[in-house]
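The structure under discussion appears below in the form of structure tokens.
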Amino acid sequence: MGFAAGSVSFRRFTVIGNAPASPDQDMLDKLAVHMLKEGEFGVPDEVEYGWCGGRHVFDAHFSFEHNVYADTILFALRIDTNRVPSELKKAYQIMEEEAAAADNPSGFVSKQQKRDAKEAVQGKLEEELRQGKFRRSKLVPVLWDLPTQTLYSPASSAAIEKLLELFERTFELKLDPQSAGTVGLVELIERKKKRDYEDLKPTRFVFGPEGESQWPEYPWVAKGPQPKDFLGNEFLLWLWHEAETRGGVISTDAGVVSIVIDNSLDLDCAYGQTGRDLLKGNGPTRMPEARDGLRTGKLPRKVGMILEAGGNQFYLTFNGESFTFGGAKLPDIEEAENPRVVFEERIGLLRDLCKSMDAMFQSFLKVRASAAWEGQTAGIRRWINSNQKQAAVA
């Protein structure tokens, strides 16, 4: 399920509160209490959600054998929708009205018959809803890493609200979705640089479409003092610059990390005027459209990359502002004794991947929240302009 095999996509959430340091039976019992149970009577709500064991949509069991791996808990958020297709409702209504009109000398349905037909259709649909005819179930995998108090899940924006509400109701703990801004805040607070974080403003790497007086707006980033998620877009640009000018070798406090930007590059205009470019293929940063995008005020929002650290190689797509990992391919596990060992090894690799990305972001923040950023920005500007000269020569 989800994290156990194949490529993985996820966003991280920080667990806030007095959480247990290791899995225990009480946690499994709480999951069972808040499990989604299909109602036997009454019309179900249009959207219902609750926990699930995770192996399949009907998995109602929570146990150490199936849900606990080392010091993590694996389960799922189940979301059911009970929605009648509008075309079906319309068809039922027409059929009821036609049946009533057939007995009328005029051939037309009366107002009262229309009301009766509507009530009959409503009763029929409610019965079909009770029978589960229109129920559609979806599982959203959840992996809770107890030592780091981090939750991993591929929950979409529509599912995140349900995940946060249900988790708090179940465990009396809150989840804080991680993003470039929240991760940056935690890092700079640890370095006693909260004031520096508060003072951070978007960097202008090139003039906007309206000239020197215009500054980047980052229309996709929430406005306000926090979080400063534009840092994620600047981080990806910094990585791109490091990959092209320094061979993609990043020195971090956790060791050396090497990256190659490959397969995909998603650029968007930080000024909200020149649109978005989605580039696919080998070496997307070498495409003319990528260079043109930088010069017109676009910045990377999402990049495909090959990341190597500690002897392991990972393939993934990374979203800068939301710190979302997409389609991450973990190294193969060799000589594992059983599936449980394979999964526990994959959990270790998942942690290593996140640790490497965080370490690179920390290296970026060291420069970004210091006086050295002005010189770094000047270098990036020259690099962008050098791309223009190279394109002209070509």
Side-chain angles (χ1 to χ4, degrees), residues 6-9 180 203 205-206 216 220 230-252 255-270 274-332 349 352-354 356-361 363-364 367 376-394:
S7 61
V8 294
S9 298
T203 304
F205 297 99
V206 299
W220 57 85
F230 64 83
L231 289 172
N233 307 115
E234 295 187 0
F235 169 54
L236 292 184
L237 179 62
W238 179 79
L239 285 179
W240 181 354
H241 175 258
E242 295 294 298
E244 290 205 357
T245 62
R246 302 178 186 274
V249 178
I250 315 293
S251 296
T252 75
V256 174
V257 182
S258 299
I259 65 155
V260 175
I261 297 177
D262 197 20
N263 292 325
S264 65
L265 176 63
D266 181 350
L267 298 169
D268 207 346
C269 181
T274 60
R276 194 166 184 172
D277 293 332
L278 303 176
L279 307 180
K280 300 285 187 179
N282 295 329
T285 57
R286 298 192 297 271
M287 295 179 180
E289 297 90 341
R291 298 171 179 177
D292 291 342
L294 290 179
R295 294 193 294 273
T296 58
K298 290 183 173 69
L299 284 179
R301 294 190 61 181
K302 187 189 302 182
V303 302
M305 69 170 67
I306 304 171
L307 184 153
E308 186 171 344
N312 291 315
Q313 195 171 76
F314 305 88
Y315 298 81
L316 68 145
T317 301
F318 185 72
N319 182 297
E321 63 260 20
S322 66
F323 259 50
T324 301
F325 296 73
K329 297 180 181 179
L330 307 180
D332 293 334
L349 290 170
D352 291 342
L353 170 60
C354 294
S356 297
M357 188 65 71
D358 290 344
M360 290 194 296
F361 189 57
S363 295
F364 161 75
V367 181
Q376 182 81 75
T377 301
I380 293 176
R381 288 172 179 155
R382 288 193 298 271
W383 167 70
I384 292 173
N385 289 331
S386 70
N387 282 343
Q388 183 176 16
K389 294 176 182 178
Q390 292 171 7
V393 171

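Because the structure is a prediction, the values reported are computed rather than measured.
- One distance of note links OG1 of Thr285 with CZ of Arg291; it measures 8.0 Å at 0.5 Å rounding.
- The structure places CG of Leu349 at 15.5 Å from NZ of Lys329, a figure rounded to the nearest 0.5 Å.
- The OG1 atom of Thr324 sits 5.0 Å away from the CG atom of Asn319 when rounded to the nearest 0.5 Å.
- With rounding to the nearest 0.5 Å, the separation of CH2 in Trp240 from CG in Leu299 is 9.0 Å.
- Here the side chain of Ser264 pairs a donor or acceptor atom with the backbone of Gly304 at under 3.5 angstrom.
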Exercise. Given side chain to side chain contact (heavy atoms under 4.5 Å, CB included), test Leu239 with Ile250 step by step and report yes or no.
Key: CA-CA 9 Å; Leu239 285 179; Ile250 315 293; 4.3 Å; yes
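- Counting only heavy atoms from C-beta outward, the side chains of Trp383 and Phe205 never approach each other to under 4.5 Å.
- Side-chain N/O atoms of Lys298 and Thr274 include a donor and acceptor closer than 3.5 Å.
- Between Trp238 and Phe364, the angle of the ring planes lies from 30° to 60°, which puts this pair in the tilted group.
- In this structure, the side chains of Phe314 and Ile306 stay at 4.5 Å or more apart for every pair of heavy atoms.
- Side chains of Leu294 and Leu237 form a contact here, defined as non-hydrogen atoms less than 4.5 Å apart.
- The side-chain heavy atoms of Pro284 and Asp262, taken from C-beta on, include a pair separated by under 4.5 Å.
- Looking at heavy atoms from C-beta onward, Arg381 lies out of side-chain contact with Val206 at the 4.5 angstrom threshold.
- Between atom CD of residue Glu234 and atom OG1 of residue Thr203 there is a gap of 3.5 Å, rounded to the nearest 0.5 Å.
- At least one side-chain heavy atom of Phe235 sits less than 4.5 Å from a side-chain heavy atom of Phe318.
- The side-chain heavy atoms of Pro300 and Leu265, taken from C-beta on, include a pair separated by under 4.5 Å.
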Practice problem: Quick one: do Asp292 and Arg295 satisfy side chain to side chain contact (heavy atoms under 4.5 Å, CB included)? Show the steps, please. | Solution: CA-CA 5 Å; Asp292 291 342; Arg295 294 193 294 273; 2.2 Å; yes
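- Counting only heavy atoms from C-beta outward, the side chains of Met360 and Glu242 never approach each other to under 4.5 Å.
- In this structure, Asp358 CG and Leu353 CG are separated by 9.0 Å, a value rounded to the nearest 0.5 Å.
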Exercise. Starting from the C-alpha separation in whole Å, work towards a yes-or-no answer on side chain to side chain contact (heavy atoms under 4.5 Å, CB included) for Ser7 and Tyr315.
Key: CA-CA 9 Å; Ser7 61; Tyr315 298 81; over 6 Å; no
